[in-house]
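We're numbering straight along the sequence, starting at 1. Values below: every heavy atom of this structure, side chains too, minus hydrogens, waters and symmetry copies.
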Amino acid sequence: MEQTFIMIKPDGVQRGLVGEIICRFEKKGFTLKGLKLQTVERSFAEKHYEDLSKKPFFGGLVEYIISGPVVAMIWEGKNVVATGRKIIGATNPAESAPGTIRGDYAVEIGRNIIHGSDAVESARKEIGLWFPEGPANWQSSLHPWIYE
């Protein structure tokens with residue numbers, strides 16, 4: 001099964017959306033394999049977003065991520081990276097469809113609630129960074145009711 005990294009950003013945590021976001025992934029049929037609430041150190045945030053380090057918004061993005069606790073998660077399931085991105089919605093909330101997390105809860109691109117891996121390879125990299133201990137090894141009893 002494929003895995004993805006999902007992070008509820010400080011605005012999502014502060015706004016009390018953690019349960020709602022987890023619920024959406026669970027209702028889809030994905031399995032939670034890792035969960036952490038943590039405050040992010042600057043150097044760690046810079047490493048997470050190093051691919052964006054040349055962008056003009058990099059400094060503001062790092063400040064935003066270290067401004068409060070985040071919830072880091074590993075989710076597992078068939079096509080979870082692509083489907084997770086659909087659940088999340090477009091990066092710009094104004095372009096996110098109603099029914100997506102960003103479409104329902106976000107207004108500003110700089111306060112867009114959630115991060116999700118954009119590819120299987122970036123998911124592996126982000127999971128390795130945020131969960132060096134690896135995912136929890138378990139399978140839901142609902143697995144045969146979701147997957148053939």
Criterion ring-ring contact (aromatic ring centres under 6.0 Å, His included) on F30 and W75, from CA distance to verdict: CA-CA 6 Å; F30 296 136; W75 287 94; 7.3 Å; no
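- Here E50 pairs with K125 in a salt bridge; the nearest charged N to carboxylate O distance falls below 4.0 Å.
- One finds the CZ atom of F131 at 8.5 Å from the CE atom of M73 (value rounded to the nearest 0.5 Å).
- One side chain, D11 or Y64, offers a donor N or O that lies under 3.5 Å from an acceptor on the other.
- Between S96 and G89, the shortest heavy-atom contact is OG-C, 3.6 Å.
- Scanning all heavy atoms of the two residues, the minimum distance from R24 to G99 falls at NH1-O, 2.9 Å.
- Ion pairing of E133 with K36 is present here, as a side-chain N (NZ or NE/NH1/NH2) and a carboxylate O approach within less than 4.0 Å.
- Ring orientation note: the planes of H115 and F5 are tilted relative to one another, at an angle of 30° to 60°.
- T83 and N79 are not linked by any side-chain donor-acceptor pair at a separation below 3.5 angstrom, with hydrogens and angles left out of the test.
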Candidate pair R42 and E63, rule salt bridge (Lys or Arg N to Asp or Glu O under 4.0 Å), full reasoning: CA-CA 8 Å; R42 180 177 304 279; E63 288 298 323; 2.6 Å; yes
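- For W138, the CH2 atom is densely surrounded, since the number of other residues' heavy atoms within 6.0 Å is greater than 12.
- Nearest approach of I114 to F25, heavy atoms of both residues: CD1-CE1, 4.4 Å.
- Distance check, rounded to the nearest 0.5 Å: OG1 of T31 to NZ of K33 gives 6.5 Å.
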Steps toward side-chain contact (heavy atoms from CB on, under 4.5 Å) verdict (I101, I87): CA-CA 6 Å; I101 292 167; I87 291 168; 3.8 Å; yes
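- Residues V71 and L35 share a closest heavy-atom pair of CG1-CD1, 3.4 Å.
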